[in-house]
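The structure under discussion appears below in the form of structure tokens.
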Amino acid sequence: MEQTLLGFINTLRQHDVRISTSETLDALQTADVIGYSNQQLLRDALAASLTKTRDEKALFHQCFDLYFLAKGERHSEQQQTKTESPHPSQFELPDAVAGDAAVQNALSAPMVQAALEGNNDAVAMAIEEAAEGISLDNVRFNTQKGIFRRRLAEAAGTGQFDRAIDALKAIDSEELAGPIEWLEQQRYVLDMAARDAVEHQLLLNANAAGRAIQQQMLRNTRLSALEHYHLKQLPTLIRALAKKLATRHRQRRRVDRRGKLDMAKTLRRNLAYGGVPFHTYWKQKRKDQPKLVVLCDVSGSVSTYARFLLLFLYSLTDVMPRIRSFVFTSETYEVTDLFERHPPEQAVELVNQKWGRGSSDYGNSFKQFVSEYSAQIDRNTTLIILGDGRANSADPGLDQLRELYQRSKYLLWFNPEPRASWNTGDSEIKRYQSACHFVAECNSMAKLERLLDRLLTVLH
């Protein structure tokens, strides 16, 4: 049963329930103490060990019912079907055939013997053991059902029934019609059990696999190509990606704060212990808190990209430095207070409703930003500009951008247009590149995730 429980925990992980190694060990110990006879007690105990939030608890109960309860109900249905079968219920061989060596050898196979002895649990046990052997938990798609069903049935022992049937048919006697039909019925029961097991596992895995494929598609597709229905799904994906990045960089930040081991000081302070380092000392460099400023074009052509950049950044607040946010079309506005007073998704909607219209004027917006806020940009500031760099044949504000470049530690430009479109028509992005530390194409969630991952690495 330990392998069954581990398989269940793996299913929970596929459904985005976060389970650590220590929690897995706790669950195994809990199941060992409680046992598996009382399913309700086991369910409650495992839920307490493996879930941390209300959503995870709901997923747990759904998976538990599919994994354990449905399996028990399926086994009961198989036994009922077997009992109510109109086919012969007993296996009797004529005396002339019973002593045949080939027949006796074929009937001595484990699954055939279990059927002859009336072992009602043999099919279920054979299916569970075979499922582990063929890695049935890897079935993900409907197109895999046939091949996994065949593999599972063969591994469980349908071939043993086939050989017994062939041995009786080789004798060519009308008296053997009943025993042959009985063996075929037993083979059919085993084959149907394999089919049900595959469909049951597919039901467990398909939703998780389909969700993973869809999330992969959403991550790699250009935001401008997504339908409104898919755009509504992105906030959930953003939170998941942000959580992954935050976990990775939170650990890195803890290590960086601790510093490097000061070997000389550690050895000196432990001379009294014969040089055994009972007390360790670390070299630490004082770092000024980095500052992050975001300046987003929210004109019609790039407002969607600005929306999800801001949403992503504000989902990383526990590992990001304090963010100051600005948006512009023809003028620049600070929107930091909106994100302080409202949840990120609501604040983003308010920004789009109030300023997300019109055409962009980079020259005027940069001039206003430099005039009002450049004093707050220093060598500890990372400035991110999101925009397509299309100045609409007006002043591009290149001098003001160079001033920001000189003042900031890093000036990064995220461009949602594909590189093939850079410097075509009224695009000034090639000229803007000369006044930036880094310019990158940023038009999908996957690219945005990589850019923010690199940004967090630099900032910490």
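Counting from 1, the numbers follow the sequence of the chain as shown.
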Evaluate the ring planes of Tyr362 and Tyr432, with Trp represented by its six-membered ring, and classify them as parallel (under 30°), tilted (30 to 60°) or perpendicular (over 60°).
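Ring orientation, 0 to 90° scale: tilted.
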Parallel, tilted or perpendicular: which fits the ring planes of Phe326 and Phe369, with parallel below 30° and perpendicular above 60°?
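It falls in the perpendicular class, over 60°.
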Under 3.5 Å side-chain donor-acceptor pair for Ser325 and Tyr314:
yes
Any donor-acceptor N or O pair under 3.5 Å, side chains Asn443, Glu441
yes
Keeping the roles fixed (side chain from [X], backbone from [Y]), state whether a donor-acceptor pair exists under 3.5 Å.
| X | Y | answer |
| --- | --- | --- |
| Glu56 | Val17 | no |
| Ser374 | Val370 | yes |
| Asn270 | Thr266 | yes |
| Trp422 | Glu417 | yes |
| Trp355 | Thr329 | no |
| Thr158 | Ala153 | yes |
| Gln113 | Leu107 | yes |
| Ser49 | Ala45 | yes |

Using the rule given for side chain to side chain contact (heavy atoms under 4.5 Å, CB included), can you reason through Arg195 versus Lys145, listing the C-alpha separation, both sets of side-chain angles and the distance that settles it, and then say yes or no?
CA-CA 8 Å; Arg195 182 202 63 183; Lys145 282 171 56 175; over 6 Å; no
Heavy-atom closest pair (Arg13 atom, Ser20 atom, distance to 0.1 Å) is NH2-O, 3.7 Å
Quick check on the 6.0 Å ring-centre criterion: do Tyr305 and Phe414 meet it?
no
Tell me whether the centres of the aromatic rings in Phe8 and Phe60 are closer together than 6.0 Å.
yes
Find the distance between CG (Leu183) and CG (Asp162) and round it off to the nearest 0.5 Å.
10.0 Å
Please round to the nearest 0.5 Å and tell me the distance separating atom CD1 of Ile385 and atom SG of Cys436.
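Answer for the CD1-SG pair, Ile385 versus Cys436, is 6.0 Å.
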Would you call Glu199 and Arg149 a salt bridge, using N to O less than 4.0 angstrom?
no
Walk me through it: do Thr332 and Val327 pass the test side chain to side chain contact (heavy atoms under 4.5 Å, CB included)?
CA-CA 6 Å; Thr332 300; Val327 297; over 6 Å; no
Picking from Val298, Val302, Val348, what satisfies side-chain contact (heavy atoms from CB on, under 4.5 Å) with Arg307?
Val348
Check the pair Leu116, Val112 against side chain to side chain contact (heavy atoms under 4.5 Å, CB included), reporting the backbone distance first and the verdict last.
CA-CA 6 Å; Leu116 291 172; Val112 178; 4.1 Å; yes
Under the side chain to side chain contact (heavy atoms under 4.5 Å, CB included) rule, what do Leu455 and Thr382 come out as? Steps first, then yes or no, please.
CA-CA 9 Å; Leu455 176 63; Thr382 296; 3.8 Å; yes
